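Before any comments, here is the structure.
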Amino acid sequence: MPFAFRKGLIISACFAALAAAPTWATPALTPMPAQMTLGEGAFSLSDATKIHVPAGDAELMSVATWLRDTLKETRGLTLEISEAAPAQGEQAIRLNRIQTLVAEDNEAYHLSVSNEGVTIGAVNRAGAFYGAVTLWQLATPDAAKGAVTLPAVSIFDTPRFRWRGLMIDSVRHFQSVEEIKRIIDGMASQKLNVLQWHLTDDQGWRLEIRAYPDLTGKTAFRQEAGAAGMDRQGKPLMYGGFYTQDQARDIVAYALARNITVVPEIDVPGHATAAITAYPELGTEGTPPKQGLSDWGVYPNLYNVKDSTFTFIDTVLDEVMDIFPSEYIHVGGDEAIKPQWEASPEIQAKMKALGLKNEMELQSWFIGRVGQHLTEKGRRLIGWDEILEGGIAPDATVMSWRGIDGAVAAAKLGHDTVLSPAPVLYLNHRQSGSSDEPPGRGQIITLKDAYEFNPAPDEIAPEARRHILGLQGNIWTEHARTDERVERQVFPRMVAFAEIGWSAPDVRSWQGFTGRLPADLNRLTALGIRYDQAPFDAQLSLAPAGAARVTVTLSKDLELGEVHYATGGNAPTAKSPVYSEPLNLPLGTKLTTQTFLNGQPLGQAKSYLLTRPLLETRVSQQLETCAGKLVLNLEDDSTDFKGDRAVILMDILNPCWTWRKADTSKGLDVMVHIADFPFNFQLGNHPDPVKVDVPTTSEGKFNIHLDTCEGPLVAALPIGKAIRPGGLVELRGQVPAVAGMHDLCLTFAQKAPPVQWALKDIRLSPKF
């Protein structure tokens, strides 16, 4: 790798490694540095410490300012910055330039801590900033405030990859400027250096374009689907927002001060519904789109290929480039399904005139024309891996999201590539099977899954790996309505892929990473960043163990740490019993669990009152979906927007759940809670209809089948005319006695969507 750390290239006579035997535990630094040597002694960092920078060095002064301000915010220390030379014998922090330090890698640095003070040396600002980040991490090993003792250490460090990115989707749901900056702070704390900003899509246009004011004027706000788009009086509510050019420039400057480049994404030729809604003449059909802006999925609306449309795109990109100084401009290129182009005589005539064989070649021509404009402006085009189809522009860079195949193909063709594969680096997936997970995609991608991703896969030949720029995680926000949910989906998995993007494989391990994780979680909290705690919590499952007792099984999708438990209302401590096998407890017990790692708590203390209703009830996340076609963890749109909404795991293409091994020998009383969803999904790339049971009534029924979904129908609970949309609906019924244990298939008999029923929870109570 051209950016890999190479021993021997970092040479500085001024900074020899501290060779004495270590007297400290290895500092909890993430990402793990390339080389770190512990020494004897220590340095006390306090309010009396000064940060010294060379006089007139504005770049190092900005690094010192960031360090001072961040220590103030997270540790409560107030340090002074000075451009004067340190006094003789002064214990201080010194920021210096070192011209012999890996000149070809501008992110390399050397950091030395000794009894005499701290020295950070780098060729330029980027390296000095990362040295300051490492110093800040040394100063925040825990959640304490005030003075802190730093271990003597010598660190030589440089990243493995030059592109270490995060993409934020601000279209599907809109984040405040303050939230974008908070995520940038989290990125900087882990040495990420690229923020891809998804600003245009089918659901809205989020960036002010002065030449075309209707882009934001007509599409920056929309009515949400379902009850979420109505107030309590039934009047429409508009949701959304956009970023002014001044706000965008402010974010770019804020990121740059933290060594993060903001790469804007303006999608072409697909994901264009918002633009065509504002200016219908841009579309293939020349009329406003038939769909609104509130649906998820893949829309059919594509830009046409008229010269006037390219004038629009070039003008937009010119304004974008004036705001964003990044080398790369992302043009999307993904999920551009072609039925409109295929049906358009005008498009077909253009293809013939250009001598193109098919619509894929037309898309390649389209992307190439956009790329030529960027090249003329001194920029580089990057797009999702569909830009490979039909031929790729000469200097295009490929972001591989459909697995790693795009990266393999791009590298083989001699094109640079960024690995960003779904699902492992798609942060909108659940992190655990807990019902406390925020809404998002249903597949579970754990912290360990993210950490074990290989950014230099064997499928790419060693000689072609020089084309791997790095990796990027993506947070798509269809179901992340709030800033808090965005943060919870990004963190802590972002910490994992930050390390695999920075640290070489031989200096890191899952065991080492998790040992450092509690310190990183404390740092996120100190920065005001919320992270998902549910993956660390034990999940509870119950089984009857006699007339008045229950067997409690505790499990976690993320096998990390030990689960401690206590009964009787007490909170577990690191000295409480450790869960090792199922517990046999009497009904009525109050059980509290807490995960600990190396004696430090992770996640939350979870309390349960072991009652018969809890024993007999399973929520949707505790059931199995039947087919796994398109599984989402969806928020109920029918309940009060300001209150707690039910979050339901369901397959929207086959709404069906399975309860495994139910004891039907005595018959069962059934109670279910269901919710109705607006079916706001564009399925242009998925022609199969939604699978539901054939309805026998206009209102529909909740059906229970024995053994399989084609098995005998043993219960059909009418939804009924009296039920009004809004809130959860409770249904009751019975399953007759059938000897033995049986799987139960749970489905709905209903008309085809738009309204789609979903199961929140079900209680099965044996008849006695």
Side-chain angles (χ1 to χ4, degrees), residues 432-436 534 536-557 562-596 603-624 646 649 657-674 702 704 706-707 714-715 717 728 730-746 759-768:
S432 73
S434 170
S435 59
D436 292 334
F536 304 120
D537 299 335
Q539 297 166 44
L540 187 83
S541 60
L542 305 177
R549 300 188 71 83
V550 63
T551 298
V552 180
T553 302
L554 301 174
S555 63
K556 297 192 303 237
D557 291 289
E562 298 176 327
V563 178
H564 295 240
Y565 65 92
T567 58
N570 298 316
T573 68
K575 296 182 180 180
S576 298
V578 176
Y579 175 83
S580 59
E581 59 184 7
L583 307 174
N584 186 293
L585 298 171
L587 287 172
T589 300
K590 185 173 183 180
L591 174 69
T592 305
T593 65
Q594 171 79 67
T595 300
F596 288 82
Q604 306 173 85
K606 304 280 289 185
S607 292
Y608 309 90
L609 184 61
L610 304 182
T611 62
R612 189 163 296 281
L614 185 65
L615 167 65
E616 297 171 351
T617 301
R618 294 185 187 177
V619 297
S620 62
Q621 290 83 4
Q622 294 173 306
L623 302 168
E624 295 179 21
L649 186 72
W657 299 258
T658 300
W659 182 310
R660 296 291 183 194
K661 294 183 171 58
D663 184 355
T664 59
S665 58
K666 297 179 181 178
L668 297 166
D669 288 324
V670 179
M671 181 175 69
V672 299
H673 291 105
I674 63 175
F702 176 77
I704 302 178
L706 195 69
D707 295 324
V714 291
L717 285 55
L728 295 175
E730 182 178 292
L731 306 177
R732 292 176 181 265
Q734 293 83 37
V735 170
V738 181
M741 307 286 285
H742 293 270
D743 293 343
L744 300 179
C745 175
L746 314 170
L759 173 64
K760 177 187 179 291
D761 59 60
I762 178 169
R763 180 180 176 186
L764 302 179
S765 302
K767 294 177 177 289
F768 292 100

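Residues take their numbers from the sequence shown, with the count starting at 1. Quick caveat: nothing in here was measured; it's all calculated off a predicted structure.
Asp436 meets the salt bridge (charged side-chain N to carboxylate O under 4.0 Å, His left out) test with Lys606; sequence neighbours excluded. His673 pairs by the ring-ring contact (aromatic ring centres under 6.0 Å, His included) definition with nothing, not counting sequence neighbours. Every residue two or more places apart in sequence or in another chain that forms a side-chain hydrogen bond (donor to acceptor under 3.5 Å, both in side chains) with Glu624 is listed here: Arg660. By the ring-ring contact (aromatic ring centres under 6.0 Å, His included) test, Phe702 pairs with Phe748, sequence neighbours left out. Shown here are the ring-ring contact (aromatic ring centres under 6.0 Å, His included) partners of Tyr565, two or more places apart in sequence or in another chain: there are none. In this view, Ser607 and Thr592 satisfy the side-chain hydrogen bond (donor to acceptor under 3.5 Å, both in side chains) rule, not counting sequence neighbours. Asp557 pairs by the side-chain hydrogen bond (donor to acceptor under 3.5 Å, both in side chains) definition with Gln539, not counting sequence neighbours. Residues passing the salt bridge (charged side-chain N to carboxylate O under 4.0 Å, His left out) test with Glu616 are Arg612, Arg763, sequence neighbours excluded. In terms of the salt bridge (charged side-chain N to carboxylate O under 4.0 Å, His left out) criterion, residue partners of Asp669 (sequence neighbours excluded) are, by chain and number, Lys767. Remark: Thr664 pairs with no residue by the side-chain hydrogen bond (donor to acceptor under 3.5 Å, both in side chains) rule, at least two apart or across chains. Qualifying salt bridge (charged side-chain N to carboxylate O under 4.0 Å, His left out) partners for Lys661, counting only residues two or more places apart in sequence or in other chains: none.
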From CA spacing to verdict: side chain to side chain contact (heavy atoms under 4.5 Å, CB included), Val578, Val563:
CA-CA 6 Å; Val578 176; Val563 178; over 6 Å; no
With side chain to side chain contact (heavy atoms under 4.5 Å, CB included) as the test, would you mind laying out the steps for Leu540 and Leu591 before giving the verdict?
CA-CA 10 Å; Leu540 187 83; Leu591 174 69; 4.1 Å; yes
What do the steps show when you test Leu668 against Leu744 for side chain to side chain contact (heavy atoms under 4.5 Å, CB included), and what is the final call?
CA-CA 12 Å; Leu668 297 166; Leu744 300 179; 4.3 Å; yes
Checking Val670 against Ile762 for the side chain to side chain contact (heavy atoms under 4.5 Å, CB included) test, could you report, in this order, the C-alpha distance in whole Å, the side-chain angles of both residues, the deciding distance, and whether it holds?
CA-CA 7 Å; Val670 179; Ile762 178 169; 4.1 Å; yes
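Closest approach of Gly603 to Asp537, counting heavy atoms only: CA-OD1, 3.4 Å. The minimum heavy-atom distance between Phe596 and Thr573, with the atom names listed, is CZ-C, 3.5 Å. Scanning both residues, Pro736 and Val714, for their nearest heavy atoms gives CD-O, 3.2 Å. Nearest heavy-atom pair across Thr617 and Trp659 is C-CH2, 4.5 Å. In terms of heavy-atom proximity, Ser576 sits nearest to Ala571 at OG-O, 4.5 Å. Between Leu717 and Gly733, the closest heavy-atom pair is CD2-N, 3.9 Å.
In this structure, the side chains of Ser620 and Asp761 stay at 4.5 Å or more apart for every pair of heavy atoms. Here the side chains of Thr658 and Leu746 are not in contact, with every heavy-atom distance at 4.5 Å or above. Side-chain contact between Thr611 and Leu587: absent, with no pair of heavy atoms (C-beta onward) separated by less than 4.5 Å. By the 4.5 Å heavy-atom criterion applied to side chains, Leu615 and Leu610 are not counted as neighbours. Side chains of Leu614 and Leu609 form no contact here, defined as non-hydrogen atoms less than 4.5 Å apart.
Separating the CG atom in Leu542 from the OG1 atom in Thr551 is a distance of 9.0 Å, to the nearest 0.5 Å. Atoms OG and CD, on Ser432 and Gln621 in that order, are 9.5 Å from each other to the nearest 0.5 Å. Taken to the nearest 0.5 Å, the CG atom of Leu649 stands 11.0 Å off from the CD atom of Gln622.
Of the possible polar contacts, one joining the Gln594 side chain to the Ala605 backbone as a donor-acceptor pair under 3.5 Å is found.
A side chain to side chain donor-acceptor pair (under 3.5 Å) check over residues 578-587, counting only residues at least two apart or in different chains, returns the pairs Arg549-Asn584.
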